[in-house]
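These values consider heavy atoms only, across backbone and side chains, with no hydrogens, waters or symmetry-generated copies.
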Amino acid sequence: MTTRSSLRNIAIIAHVDHGKTTLVDELLKQSGIFRSNEAVMERMMDSNDLERERGITILSKNTAIHYKDTKINIVDTPGHADFGGEVERIMMMVDGVLLLVDAFEGCMPQTRFVLKKALGLGKKALVVVNKIDRPGARPEAVVDEVLDLFIELGADETQLEFPVVYASARDGYASTDPAVTQGDMRPLLDAILREVAPPSGDAEGPLQLLISSLEYDDYVGRIGIGRVERGAVKRNQLVTLCKSGGGFQNVRISRLYQFEGLRRAEVEEASLGDIVCISGIEGINIGETACDPECPEPLPFIEIDEPTISMNFIVNDSPFAGREGKFVTSRNLRDRLRKEVETNVSMRVEETDSTDTYKVSGRGELHLSILIETMRRQGYEMQVSRPKVIYKETDGTRHEPVELLIVEVPEQYVGAVIEKLGRRKAELENMGSREGGASHLEFRIPSRGLIGYRTEFLTDTNGNGIMNQIFAGYEPYKGDIAGRERGSIVAHESGETTAYGLFNAQERGRLFLGAGVEVYEGMIVGECARNEDLVCNVCKRKQLTNTRAAGSDDALRLTPPSVLSLEQCMEFIKEDELLEVTPQSLRLRKHVLGKEQRSKAQNRKQ
């Protein structure tokens with residue numbers, strides 16, 4: 001056995017918004033990889049447009065720094081539960097984890113999830129209590145919460161004796177004493193060298209390299225990222241790729257890279273414990289092992305949790321189909337979804353009875369909405385159905401996915417939140433108070449009970465509430481849950497909306513469109529105030545006559561329309577409705593566009 005004392009491999013795991021990416025920024029800055037006069041942007045690891053716009057990390061990413069003659073490979077991971085697959089698959093690349101916890105919020109749902117995965121694989125955790133400069137910070141109490149969580153998750157004695165570092169990633173300092181509020185990140189880096197075990201194994205044995213992540217480069221094609229588990233790997237080396245579905249493929253590694261700061265540096269050779277990128281292998285996938293041809297021994301890959309929510313992706317067949325999108329056919333849609341599954345290990349794509357419809361399953365609404373938003377930005381045009389939960393049959397009993405929901409709201413809104421969640425079959429498990437008059441509530445709720453609830457929650461709490469959830473397993477079916485209580489305002493005919501037509505329609509509910517917008521028959525233009533669908537002629541024009549009367553020519557005042565985001569549209573639609581997604585527009589529509597055909601279909605159901 002060889003131990004590489006000059007190398008450390010760590011992952012930074014935490015709940016969303018606890019400061020992982022900011023911490024990586026500070027470690028990169030203080031490691032000296034930038035020039036003194038170099039302009040450095042914030043959240044350097046959030047490299048794609050969606051991540052920067054939404055302020056969240058979506059994909060796991062690698063970087064590396066040097067400290068005291070030791071190279072530290074760092075993996076920045078997402079904090080949102082829907083992207084948990086990104087966290088699960090990179091656990092095989094690292095020897096230890098930095099568990100980041102907010103000094104005010106404490107342990108949150110994703111903290112529990114990522115820590116459970118790390119402990120299950122026997123990883124050593126270094127706890128970093130971040131944001132100790134935040135008003136209301138309670139670092140000592142948070143450390144106690146973390147210890148309780150370790151015990152609850154069944155940590156062994158070695159894992160329970162976790163070291164603690166207190167930090168403010170934003171201000172760039174860390175310390176083993178929570179009272180220290182200045183300095184630099186050296187105490188944290190020293191703790192990493194001291195507490196995280198260096199990689200060890202058979203450095204002289206035949207090669208084993210497990211692929212845990214994929215990237216794509218326009219010049220060299222697909223790039224596999226993984227860790228050398230045994231032996232060494234060289235550029236232009238002939239290897240045997242052990243395929244995930246069984247079988248072997250002899251391939252040659254054309255280029256070999258290692259991470260240096262924010263870039264990939266080409267190298268000739270890498271040895272035991274190194275995290276490397278290899279190119280030149282077509283069809284390489286996550287979970288496959290590159291081995292010495294004389295000793296093809298595949299490594300087991302971590303089991304990824306199954307998806308819990310599915311949607312149908314359908315070829316766009318609306319009257320406006322093909323106007324705005326570049327890729328509109330079923331072949332385009334199928335190829336793009338299959339490409340997504342190759343890198344997104346927690347997503348599934350299945351073909352249906354229809355050649356124009358594909359069933360896509362993911363971890364949650366956000367997981368699926370990020371895929372939809374990415375595809376529309378790439379020029380794809382499609383329709384999607386309402387999200388549905390995935391049920392399981394166990395011993396003849398129907399089981400459904402259940403979420404652990406944690407809510408923090410001001411005290412005056414607690415009653416409204418509990419009442420609404422009670423209707424959605426939620427069970428209150430824990431309730432407490434926080435500094436500043438906030439209440440902390442914990443529920444167990446069916447996943448389908450959360451579909452469409454986030455907008456209601458923000459309305460009920462006047463935007464002052466915080467809601468986080470995480471998958472908690474499958475439980476017996478909880479019973480029926482009432483859906484959306486209001487109907488839709490549907491366009492009567494194709495044309496262009498007018499102020500005159502909208503003025504008459506706005507008295508019946510909430511509008512989603514303004515004047516001068518093209519619509520087609522069956523398109524949803526608003527939400528009805530009653531629990532029924534209402535067909536309105538929003539394209540109606542005022543008849544022009546020579547007759548004048550007092551008050552008949554008053555200016556029409558329209559209420560500003562409610563413009564729905566992608567997630568709000570996904571939450572709004574009912575079973576008989578679809579969301580049309582194009583690079584430029586989001587349109588809600590009825591599945592059956594004609595009013596008479598909808599009435600006949602409704603009568604047949606009854």
Worksheet item: Hey, are R323 and E518 close enough for a salt bridge, meaning a charged N less than 4.0 Å from a carboxylate O?
Response: yes
Worksheet item: With respect to R589, which candidate in E577, Q383, E580 satisfies the side chain to side chain donor-acceptor pair (under 3.5 Å) definition?
Response: Q383
Fill in: Nearest heavy-atom neighbours spanning T355 and S330
O-CB, 3.8 Å
Item to complete: Kindly compute the distance separating CZ (F512) from CG (L564), expressed to the nearest 0.5 Å.
Response: 4.5 Å
Worksheet entry | Contact summary for V409 and G465, nearest pair of heavy atoms | CG1-CA, 3.8 Å
Worksheet item: Is the backbone of N312 close enough, under 3.5 Å, to the side chain of S385 for a donor and an acceptor to pair up by distance?
Response: yes
Worksheet entry | Over 12 foreign heavy atoms within 6.0 Å of CZ, R510 | yes
Discussion item. Could you check whether any side-chain heavy atom of L368 comes within less than 4.5 Å of a side-chain heavy atom of V360, counting everything from C-beta outward?
Written reply: yes
Fill in: K478 backbone acceptor or donor facing E400 side chain under 3.5 Å
yes
Fill in: Aromatic ring proximity, centroids under 6.0 angstrom, Y358 and F313
no
Fill in: Reported CD1-to-CD distance for the pair I489 and E527, which is rounded to 0.5 angstrom
8.5 Å
Worksheet entry | Backbone of V389 reached by a side-chain donor or acceptor of S447 within 3.5 Å | no
Item to complete: Decide if atom CG of D480 counts as having more than 12 heavy atoms of other residues, nucleotides or ligands within a radius under 6.0 Å.
Response: no
Practice prompt. Determine, step by step, whether Y380 and N332 satisfy the side chain to side chain donor-acceptor pair (under 3.5 Å) criterion, reporting the C-alpha distance in whole Å, the side-chain angles of both residues, the deciding distance to 0.1 Å, and the verdict.
Written response: CA-CA 8 Å; Y380 287 85; N332 294 145; over 6 Å; no
Worksheet item: Are there more than 12 heavy atoms of other residues, nucleotides or ligands under 6.0 Å from atom CD of E596?
Response: no
Worksheet item: If you draw a 6.0 Å radius around NE2 in H399, do more than 12 non-hydrogen atoms from other residues or ligands fall strictly inside?
Response: yes
Item to complete: Would you check if the side chain of E381 reaches a backbone N or O of G322 as a donor-acceptor pair within less than 3.5 Å?
Response: yes
Practice prompt. Step by step, work out the side-chain contact (heavy atoms from CB on, under 4.5 Å) result for C539 and V519.
Written response: CA-CA 8 Å; C539 303; V519 297; 3.6 Å; yes
Worksheet item: Distance-only, no hydrogens or angles: does the T497 side chain make a donor-acceptor pair with backbone N or O of G514 under 3.5 Å?
Response: yes
Discussion item. Within this structure, what is the CG-CG distance for the pair L558 and L513, rounded to the nearest 0.5 Å?
Written reply: 11.5 Å
Item to complete: Measure the spacing between CG of L578 and SG of C569 and express it to the nearest 0.5 Å.
Response: 12.5 Å
Practice prompt. Drop me the distance from K420's NZ to T461's OG1, to the nearest 0.5 angstrom.
Written response: 10.5 Å
Worksheet item: Counting heavy atoms not belonging to R541, are there more than 12 under 6.0 Å from its CZ?
Response: no
Fill in: Sidechain-backbone polar pair: E365 side chain, M570 backbone, donor-acceptor under 3.5 Å
no
Worksheet item: Quick check: does any side chain N or O of T582 sit under 3.5 Å from a backbone N or O of E324, one acting as donor and the other as acceptor?
Response: no
Fill in: Non-hydrogen side-chain atoms of L579 and F572 separated by less than 4.5 Å
no
Discussion item. Strictly distance-based, threshold 3.5 Å: is any side-chain N or O of R386 a donor or acceptor partner for the main-chain N or O of E575?
Written reply: no
Worksheet item: Is there a donor-acceptor contact under 3.5 Å from the side chain of S488 to the main chain of D533?
Response: no
Item to complete: Grab the two heavy atoms, one from V414 and one from L441, that are nearest each other, plus how far apart they are.
Response: CG1-CD1, 4.3 Å
Practice prompt. Would you check, one step at a time, whether the test side-chain contact (heavy atoms from CB on, under 4.5 Å) holds for R336 with F327?
Written response: CA-CA 10 Å; R336 176 62 181 84; F327 306 106; over 6 Å; no
Worksheet item: Mind checking whether P446 and Y477 have side chains closer than 4.5 Å, heavy atoms only?
Response: no
Discussion item. Any non-hydrogen side-chain atom of R264 less than 4.5 Å from a side-chain atom of I225?
Written reply: no
Worksheet item: Taking T357 as the fixed residue, which of V315, T352, L333 is the one that meets the side-chain contact (heavy atoms from CB on, under 4.5 Å) rule?
Response: T352
Worksheet item: With a 4.5 Å limit on heavy-atom distance, are the side chains of L450 and I445 in contact?
Response: yes
Worksheet item: Is any NZ, NE, NH1 or NH2 atom of the basic residue among E373 and R377 found under 4.0 Å from an Asp or Glu carboxylate oxygen of the other?
Response: yes
Worksheet item: Is there a donor-acceptor contact under 3.5 Å from the side chain of N462 to the main chain of N464?
Response: no
Item to complete: Taking the side chain as every heavy atom from C-beta outward, state whether L337 and M347 have any atom pair closer than 4.5 Å.
Response: no
Worksheet item: Would a 4.5 Å heavy-atom cut-off, applied to side chains only, mark E496 and T498 as touching?
Response: no
Discussion item. What I'd like to find out is whether the side chain of N62 reaches to under 4.5 Å of the side chain of V75, using heavy atoms alone.
Written reply: yes
Worksheet item: Is it the case that more than 12 heavy atoms not belonging to K540 sit under 6.0 Å from its NZ atom?
Response: no
Worksheet, complete the sentence: In terms of heavy-atom contacts, R423 and I481 come closest through O-CG2, 4.2 Å
Practice prompt. Could you tell me whether R348 atom CZ has more than 12 heavy atoms of other residues or ligands within 6.0 Å of it?
Written response: yes
Worksheet item: Does the side-chain contact (heavy atoms from CB on, under 4.5 Å) test come out yes or no for V592 and K600, once each step is laid out?
Response: CA-CA 10 Å; V592 179; K600 290 178 181 177; over 6 Å; no
Worksheet item: Could you give the distance from CZ (F457) to CD1 (I466), rounded to the nearest 0.5 Å?
Response: 8.0 Å
Fill in: Nearest heavy-atom neighbours spanning C528 and L534
SG-CB, 4.1 Å
Item to complete: Apply the test salt bridge (charged side-chain N to carboxylate O under 4.0 Å, His left out) to residues E351 and R338: give CA-CA distance (whole Å), side-chain angles for both, the deciding distance (0.1 Å), then the verdict.
Response: CA-CA 11 Å; E351 296 192 3; R338 286 181 176 173; 2.9 Å; yes
Worksheet item: Do other residues, nucleotides or ligands put more than 12 heavy atoms under 6.0 Å from the CZ atom of R255?
Response: no
Practice prompt. Begin from the C-alpha positions of M311 and K388 and carry the test side-chain contact (heavy atoms from CB on, under 4.5 Å) through to its verdict.
Written response: CA-CA 6 Å; M311 296 174 71; K388 295 181 181 178; over 6 Å; no
Practice prompt. Would you name the heavy atoms of Y520 and L593 that are closest together and state the gap between them?
Written response: CE1-CD2, 3.8 Å
